[in-house]
Amino acid sequence: MTNCMKNKDLLKEKSIIMWNEDKIEAFQKTLLDWYDANKRDLPWRRTSNPYYIWISEIMLQQTQVDTVIPYYERFINTLPEINDLAEASEDTLLKLWEGLGYYSRVRNMKVAAGQIMADHNGIFPEDYEAIKSLKGIGPYTAGAVSSIAFNQPQPAVDGNVMRVLSRLFEIELDIGKPSSRKVFEEMIRLLIDRERPGDFNQALMDLGATICTPKNYKPETSPVKDFNASYLNETWERYPIKQGKKKVREEAYIALAVSNDKGEYLFQKRGSEGVLSGMWTFLMIPADILDEDGWKSFGGSAESLTQVQSEILVDYIKKEYGLIIAFNNSLKGTYTHIFSHLKWHLSIYEAKVVAETVTGHSLHPIHPDDFSDIAFPVPTQKVWNMVNAITLF
DNA sequence: AAAGCGTGGCA
DNA sequence: TTGCCAAGCTT
């Protein structure tokens, strides 16, 4: 009862009028009937194993269903039990995750698997708070797993749900703000079907993914259009409210594929902080060492560096890595990689190792025959493809 | 609270 | 082409 009052106070504060019980019940039936007839047949909907549901939810974070499916299948086949995940090496995990992005997700999963082994006797916990305390599991994923795998009436508010509710109730909140999520959660606590909470949550997400979409939205085609205030009031084009994103930062590098006389290429492991942390790349030389204008001075159409730039580069490699190289001053290609918050402009060149200083360096030689054992982020794969295409292996 | 964190699809 | 979008979490 106390929680119920809190719910209504929060909604009242935001000028949100909740439906009466009859309307809520009618909505639940309409939504679930639609879901029963139209739900997508997805691999993780054929299991009630919380471990597998968890894997799917982590993979689906900010990632499209079609992308996830093959990764999901391979992951559960390779690591069928929580214990397998807890004991897997980071290399194994990253290889299973290669190309999915947001690599901290799988590192966190290994930590969480260790928590489950240590704190829950290897059994996936059922309690919402216990689930949420697992590394990498936030309010959405905790709600999704507890409702889908354990039939608990917990909200699972993701972008879909916020968009659907914004349109149904003409919500004026910016769905990009962290504080807004709590309001939507309180709405779901009042709306959720107590008999089928997991299906209710998934039905809202399916509705958002297939009908109540961000673009090309046709409200008249929705199974719950009669409940949709923004449709009935012809205000639906205003919702959901979301602030625009800021422009991304741009950086330029020389991506240098350095090979030695054994046919190995030299890779560097990125640091534990920042983008692509702990992932392998070719040498990445900040373009601004070459001149004050950085990549703009050569990133366009230039096929080679100037003599001066070339010497600066060779000196930099010697100083930074203790490596004497023969630089092949012929542009192999350019590639622009767009992250969520950052853009890399890569100019790709090759070089051969002539000599190494005795102090060694932070670079790791890897033969192309062994590339299949190592997880490379997409920018590294793109650079390799360009080097590989030109040299005709 | 806001920024950081990958990648691919789409108009 | 550029920008936005997709089943978020951590710091």
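Proteins get letters first, then strands, A, B, ... in listed order; numbering begins at 1 in each. Treat the numbers as computed from the prediction; the structure is a model and nothing was measured. Side-chain atoms are counted along with the backbone in the values below, which use heavy atoms only and exclude waters and symmetry mates.
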- [ ] Assign a letter to each nucleotide of nucleotides 1-7 of chain B from its 5' end: B, base within under 4.0 Å of a protein heavy atom; S, sugar-phosphate only; -, no contact.
- [x] -BSSBBB
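Clustering of Ile, Leu, Val, Met, Phe, Trp and Tyr by side-chain heavy atoms under 4.5 Å joins A:I324 with A:V354. A:Y217 belongs to a hydrophobic cluster whose remaining members, ordered by chain and number, are A:W236; membership requires side-chain heavy atoms of ILVMFWY residues under 4.5 Å apart, directly or through intermediates.
Within 4.0 Å of A:R181, counting heavy atoms only, lies no atom of the nucleic acid at all. A:R45 comes within contact range of at least one nucleobase, with a heavy-atom separation under 4.0 Å. Among the atoms of the strands shown, none is found under 4.0 Å from any heavy atom of A:W344. Among the protein residues, A:T141 comes within range of the sugar-phosphate backbone only, with heavy atoms under 4.0 Å from sugar or phosphate atoms but none that close to a base. Within 4.0 Å (heavy atoms only), A:V65 reaches at least one base atom of the nucleic acid.
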Pairs under 3.5 angstrom only: tabulate donor-acceptor contacts from the side chains of residues 31-43 of chain A to other protein residues two or more places apart or in another chain.
{"from": "A:D33", "atom 1": "OD2", "to": "A:K29", "atom 2": "NZ", "distance (Å)": "2.8"}
{"from": "A:D36", "atom 1": "OD1", "to": "A:R196", "atom 2": "NH2", "distance (Å)": "2.7"}
{"from": "A:D36", "atom 1": "OD2", "to": "A:R196", "atom 2": "NH1", "distance (Å)": "3.1"}
{"from": "A:N38", "atom 1": "ND2", "to": "A:W34", "atom 2": "O", "distance (Å)": "2.9"}
{"from": "A:R40", "atom 1": "NE", "to": "A:D206", "atom 2": "OD1", "distance (Å)": "3.3"}
{"from": "A:R40", "atom 1": "NH2", "to": "A:D206", "atom 2": "OD1", "distance (Å)": "2.7"}
{"from": "A:D41", "atom 1": "OD1", "to": "A:R46", "atom 2": "NE", "distance (Å)": "3.0"}
{"from": "A:D41", "atom 1": "OD1", "to": "A:R46", "atom 2": "NH2", "distance (Å)": "3.4"}
{"from": "A:D41", "atom 1": "OD2", "to": "A:R46", "atom 2": "NH2", "distance (Å)": "2.5"}

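Listed by residue number, there are no residues of residues 204-213 of chain A with a heavy-atom contact under 4.0 Å to DNA chain B. Looking at residues 145-154 of chain A, you'll see that no heavy atom sits under 4.0 Å from any atom of DNA chain B.
Aromatic ring orientation, A:F339 versus A:H337: perpendicular (interplanar angle above 60°, classes split at 30° and 60°). Aromatic ring pairs are classed by plane angle as parallel below 30°, tilted from 30° to 60° and perpendicular above 60°; the pair A:Y349 and A:F327 is tilted. In this structure, A:W19 and A:F169 have parallel ring planes: the angle between them is below the 30° cut-off, well short of the 60° mark.
Under a 4.0 Å N-O distance rule, the pair A:K182/A:E185 does not qualify as a salt bridge. Using a cutoff of 4.0 Å between basic side-chain nitrogens and carboxylate oxygens, A:R238 and A:E170 are not scored as salt-bridged. Between A:E186 and A:R189, at least one side-chain N (NZ, or NE/NH1/NH2) sits under 4.0 Å from a carboxylate O, which counts as a salt bridge.
Of all non-hydrogen atoms in A:G143 and A:N201, the two that sit nearest each other are O-ND2, 4.3 Å.
Between A:F371 and A:F267, the distance from one ring center to the other falls under 6.0 angstrom.
Taking the P atoms as reference points, C:dT2 lies 23 Å from B:dC5, given to the whole Å.
For the pair A:E250 CD and C:dT1 P, the computed distance is 14 Å after rounding to whole Å. Remark: C1' of C:dT1 and NE2 of A:H345 are 13 Å apart, rounded to the nearest angstrom.
Each of A:N108 and A:E57 was assigned the nucleotide of DNA chain C with the nearest heavy atom; the assignment lying further toward the 5' end belongs to A:E57.
For A:K135, a side-chain nitrogen or oxygen approaches OP1 or OP2 of C:dT11 to under 4.0 Å.
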